[in-house]
Amino acid sequence: MHNRYNPNYFEKIIYKLWEKNNTFYTKKNNKKINNFSIIMPPPNITGNLHIGHAFQQIIMDIIIRYKKMKGKNTTWIMGTDHAGIATQILVEKKINVLNKTISDKYLLSEIWKWKKKYEKKIHKQTKILGSSVDWSKIHFTLDKYFSYAVKKAFIKLYKNNLIYKTKKIVHWDKKARTVLSDLEINNKKTILKNWYIKYPLQNKKKKYLVIATTRPETILGDVALAVHPKDKRYINYINKKVINPLNNNIIQVISDDYIKPQKGTGCMKITPAHDFHDFDIAQRHKLNMINILNLNGTIKKKSDLYNYKGKKITSNTINLNNNAKLINLNTKKVRKKIIKILKKKKLLKKIEKVKSTIPYSNKTNCVIEPILTNQWYIKMSSLSLKAIDYIKQDKIIFYPNKYKKICLSWMYNIKDWCISRQIKWGHKIPIWYNKKKEIFIGLNKKDIKTKYKHIKINELKQEKSVLDTWFSSSLYSFVCLGWPKKNNNKFKNFYPISLVVSGFDIIFFWISRMIMMSLYLTKKIPFKKVFITGLIRDEKGAKMSKSIGNVIDPLDLIKGISLNELIHKRTKNLINKNNIKKIKLNTKKTFPNGIKPHGIDALRFMLASINTPNIKINLNLNILKNSYHFCNKLWNACRYIYQNIKPPKKIKIHFSSLVDQWIINKINYLIIRYKKYLYSYRTDLLCKEIFIFIKYHFCDWYIEFIKIKKNNHQVLFIIHKILKFIHPITPFITEFIWQKFTKHKLIISKNQLLSKEPFPCIIKHINKKNIKIISLIKKIIIISRKIKSKNLNKLINLYIFNIPLDIKQILYQNKCLFKISSSYINKIFLFHKIKNLTNLKKKVKINKIFFRKKKIFYHKEKYFLIFAEMVER
RNA sequence: AGGUGAUUAGCUCAAUUGGUAGAGCAUCUCUUUUACAAGGAGAAGGUUGAUGGUUCAAAUCCAUUAUCACCUACCA
């Protein structure tokens, strides 16, 4: 063993060893009680695993390794997610779609290539992290069996009238050219301009109604003005007609309770096709709707007129009289032109700055355009009611408990879920149309033919949209266990899944939808417990993102990286090149010497240590450094044993020695704590206890104590236990040491692998008096060290009074233990109770100064009184 | 606007549900000793954001307040 812990040298070998020996293999077992399963949120195939993935994986791994050692039959379900829009965008960028016309087939084949590449990378990274997932069955949310399950689920929902198609206003991502659900939108605060624009009255020249708008380009889609029915300023104008200042359309002034008189001018323009509230108002007043935007967010050549039910009436050329060319321009340019026109017409009253929030796509980061489209929706209210019931009754338990509230409040206010997306990469919707645009549903064309015999197959055309990625994700928990196949053992034995570990950012996206879908489709809860981790931020608390350039790759923490390489990594492939300087500076500041290699176990220990119940967890590399020290400490302690203890001929376990009893007591305590901490997923507290145990109890005292008596075989028994209970947290180093020790017969066990060992149990028959004596000795030594640090180069005679007789005897017998500080303790004198303690105290007080002058110190403790006398060397 | 949480040593965070406020990093002093100098020994550092209440006892429970963060919704 090297004198320094050098993890990169053995970690690869260890994981292969586990794989070879089927360590993660789950036995078939029909006793359901003994089964324990975890489902990993499937990482997106959009890229490598980041530190957040590593964080969650390691918490899961600690729990599953612990459960396995405790004798549970474990399964950890692993897979990847096809991540519809995000993946397609990345591949499109890679093959530079904008400059080419490509077929769907080509695009899909390129995406599959991408998938293969990144799935492989993700699996490799997962192995590097030491995650003991069940590799016998790896999932991908776009595999054939998944596709079958998705269709089955869709058909069932559709047949029970929980899925419908409708034309309404949606959040439109104009870059990806698809609809998004309300969850996929980020609102950003910005300062906008509010334009006050005059709408001339039809019959009274030179009279106007003034509206305020932040989006003047949508004036082309206006169908009405609206005021509050009781607003005295406008009461006379209700039902009068005004002229659209741009295209001279005649529109009516209506009244609606929604209008708030104190906002803007109290008079609002109604653009039902491009604003959510206007859409609702149009529904109430049965107003027509005018769509003026192309799907890429530019102005249409012809605007489409719909009735309030969404039925198309006509298309009209967008006509502005003065030949302004607006067609195919984006909103920014249109806005500029329109403002110019209005200024010329003298219809612009004033411009004001307002604080506002603008919706952005969290996929492409472009501004969301509200637009009228036909989409598929799931009715959520009945599904959520059931889920609410189960969560309220604590049939699914959230850790920390606060997330239960968050999840419930979302479910109470749930909106229908828009599940169709206008992209290519995803599950196709199992809907077909004939020439009359009638709807047919089935697994495939043949399936439809058997159901509807009059249908001509050639006529059928499948719905072009695909399903939202989260639709398949919402089925993930039970599809991974074989649903909808009936009579399958995996589902029977492992469903509901014991635990899900996830970040709070996907409670709505994934956790809650999985609960709803599972209750509906399988009549069972998907999982019993949900542990929500915090989100890892950078050292300043900022979100990690590529554009800010503060992302940390877990591999860099494991293997180390130089400053230059790190800067290169963070600045290459940046979209916004203005940030490069900033990123360089910040990286230099936070990592002036780059990142040293720390090894997987140190990373694991660090991540487990920062797993506090906080929502926001700042990554602190000091803790990583500390974790490395922990591993180094463990390594060197084992190295000492390895070098100094000879393999015993016979192993006799007897814990007569004070020191052994003392350390076993500490181990017992830790084993009890272990269960408690893991039950509440507090790996941070667990790590703290283990750290204190190894560094302070085991290394600082126990090993120092055993140095006194050579070839003490009891230590082998102790280290055997220690390796086992640290194993779930730092599996590599413990397994490596285990291998070394078993080879040299320092540890003898039936199992070749530590990972197959059972978790240690408590050792009984500990004499508490013995434990007291060790703490007493420790205290005496600590006091002597303090005295010594003030009187360097001197020896100390210790006079210890007031020790009970029985303890005094044992102390005498174990006087050798004081040898730890033999370099400065000259002599120790032990005394039984002093006849008159108060007298002595008085003496001490009176003579305090005298004592100091003579360099004699005293110290009072609960059980003893200690005097120290300085002696020249 | 509503909701959730946070405020503890110079910094980053704990405190296992009310019982002596603890770690790491940084600082200072000492220490090259055969497990470990990325060590070891010792020291210094705190009116737990503020005010009030309940209690034998409050960082922890309650009320008020300040600041910050996040989530949801809205903004003409």
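Reminder, nothing fancy here: chain letters follow the sequence lines and each chain counts from 1. What you are looking at is a predicted structure, and each value in this text was computed from that prediction instead of being measured.
Side-chain N/O atoms of A:K540 and A:T590 include no donor and acceptor closer than 3.5 Å. Of the N and O atoms on the side chains of A:D222 and A:T271, at least one donor lies less than 3.5 Å from an acceptor on the other residue. Between A:K188 and A:T190, the side chains place no donor N or O within less than 3.5 Å of an acceptor N or O (distance only, hydrogens not considered).
Distance CZ (A:F693) to P (B:G22): 22 Å, rounded to an integer number of Å. Rounded to whole Å, the distance from OH on A:Y412 to C1' on B:G2 is 17 Å. In this structure, A:I787 places its CD1 atom 14 Å from C1' of B:A41, rounding to the nearest Å. Distance, A:D280 CG to B:A76 P: 14 Å, rounded to whole Å. Spacing between atom NZ of A:K543 and atom P of B:A69 amounts to 14 Å, rounded to whole angstrom units. Between A:D222 atom CG and B:A76 atom P the separation is 13 Å, expressed in whole Å. Atom NZ of A:K355 is separated from atom C1' of B:A76 by 18 Å (rounded to the nearest Å). Regarding A:L408, its CG atom lies at a distance of 13 Å from the P atom of B:U4, rounded to whole Å.
Contact annotation for A:L621: no contact, since no heavy-atom pair falls under 4.0 Å across all strands. Residue-level contact check: A:Y677 touches the bases, meaning some heavy atom is under 4.0 Å from a base atom. If you check every strand for non-hydrogen atoms under 4.0 Å, A:R673 touches a base. Nucleic acid contact class of A:K788 (heavy atoms, under 4.0 Å, all strands): none. As judged by a 4.0 angstrom heavy-atom cut-off over every strand, A:I211 is placed among residues making no nucleic acid contact.
Contacts of A:Y9 classified as ring pair (Phe, Tyr, Trp, His ring centres under 6.0 Å), with partners at least two apart in sequence or in another chain: A:H2. Taking A:N620 as the reference, A:N622, A:I623 meet the side chain to side chain contact (heavy atoms under 4.5 Å, CB included) condition, with sequence neighbours excluded.
The P atoms of B:G5 and B:A14 are separated by 15 Å, rounded to the nearest whole Å. Of the P atoms belonging to B:U12 and B:G19, the separation is 26 Å, rounded to the nearest Å. B:U51 and B:A66 have their C1' atoms separated by 11 Å, given to the nearest Å. Nucleotides B:A63 and B:U27 are separated by 44 Å at their P atoms, to the nearest Å. Taking the C1' atom of each, B:A41 and B:U8 are spaced 28 Å apart, rounded to whole Å.
Side-chain atoms of A:Y674 come within 3.5 Å of backbone N or O of A:F725 as a donor-acceptor pair. Of the possible donor and acceptor atoms, one in the side chain of A:D416 sits under 3.5 Å from a partner among the backbone N and O of A:M380. With hydrogens and angles ignored, the 3.5 Å screen pairs a side-chain donor or acceptor of A:D601 with a backbone N or O of A:I733.
Each of A:W410 and A:N194 has a nearest nucleotide on RNA chain B; the 5'-most of these lies closest to A:W410. Residue order along RNA chain B, read from the 5' end via each residue's closest nucleotide, puts A:S409 first among A:K695 and A:S409.
Nearest to the side chain of A:K260, among B:U17, B:A76, B:A15, sits B:A76. Distance from the side chain of A:R682 is smallest for B:A14 among the nucleotides B:G42, B:A14, B:U4. In this structure, the nucleotide among B:A41, B:G5, B:C71 sitting nearest to the side chain of A:F508 is B:C71.
Taking side-chain N and O atoms only, A:K269 has no distance below 4.0 Å to OP1 or OP2 of B:A76. In terms of phosphate contacts, A:K625 brings a side-chain nitrogen or oxygen within less than 4.0 Å of OP1 or OP2 of B:A26.
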Using distance only, find each side-chain donor-acceptor pair of residues 697-706 of chain A under 3.5 Å and give its atom names and separation, not counting sequence neighbours.
residue	atom	partner	partner atom	Å
A:Y702	OH	A:D660	OD1	2.7
A:E704	OE1	A:K707	NZ	3.4
A:E704	OE2	A:K707	NZ	3.1

Atom pairs under 3.5 Å: protein N/O with N/O of nucleotides 34-37 of chain B:
residue	atom	partner	partner atom	Å
B:A35	O3'	A:R639	NH1	3.4
B:A35	O2'	A:N636	OD1	2.6
B:A35	O2'	A:R639	NH1	2.5
B:A35	N7	A:K707	NZ	3.1
B:A35	N6	A:C699	O	3.3
B:A35	N6	A:E704	OE2	3.0
B:A35	N3	A:N636	O	3.1
B:A35	N3	A:A637	N	3.3
B:C36	O4'	A:N636	OD1	3.2
B:C36	O4'	A:N636	ND2	3.2
B:C36	O2'	A:N632	ND2	3.1
B:C36	O2	A:K633	NZ	2.7
B:C36	N3	A:K633	NZ	3.1

Are there any protein N/O atoms within less than 3.5 Å of an N/O atom in nucleotides 6-13 of chain B, and if so, which ones and at what distance?
residue	atom	partner	partner atom	Å
B:U12	O2'	A:N620	ND2	2.9

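Both cation-pi conditions hold for A:K260 and A:Y258: the charged atom is under 6.0 angstrom from the six-membered ring centre and inside a 45 degree cone around its axis.
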Determine which bases of RNA chain B form Watson-Crick or G-U wobble pairs with both distances under 3.5 Å, and write the result as a 5' to 3' dot-bracket string with | for other-strand partners.
(((((((..((((.....[..)))).(((((.......))))).....(((((..]....))))))))))))....
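Contact between A:K646 and A:L746 at its shortest, heavy atoms only, is C-CD2, 4.2 Å.
Centre separation under 5.5 Å together with a plane angle under 30° holds for the ring of A:Y628 and the six-membered base ring of B:A38, marking them as stacked.
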Audit row: A:E689, A:R682, salt bridge (Lys or Arg N to Asp or Glu O under 4.0 Å) steps and yes/no
CA-CA 11 Å; A:E689 295 273 8; A:R682 290 300 302 271; over 6 Å; no
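B:U8 adopts an anti glycosidic conformation, its chi angle falling more than 90° from 0.
A:K402 NZ: more than 12 foreign heavy atoms inside a 6.0 Å radius. The local environment of NZ in A:K349 is sparse, with at most 12 non-hydrogen atoms from other residues, nucleotides or ligands closer than 6.0 Å.
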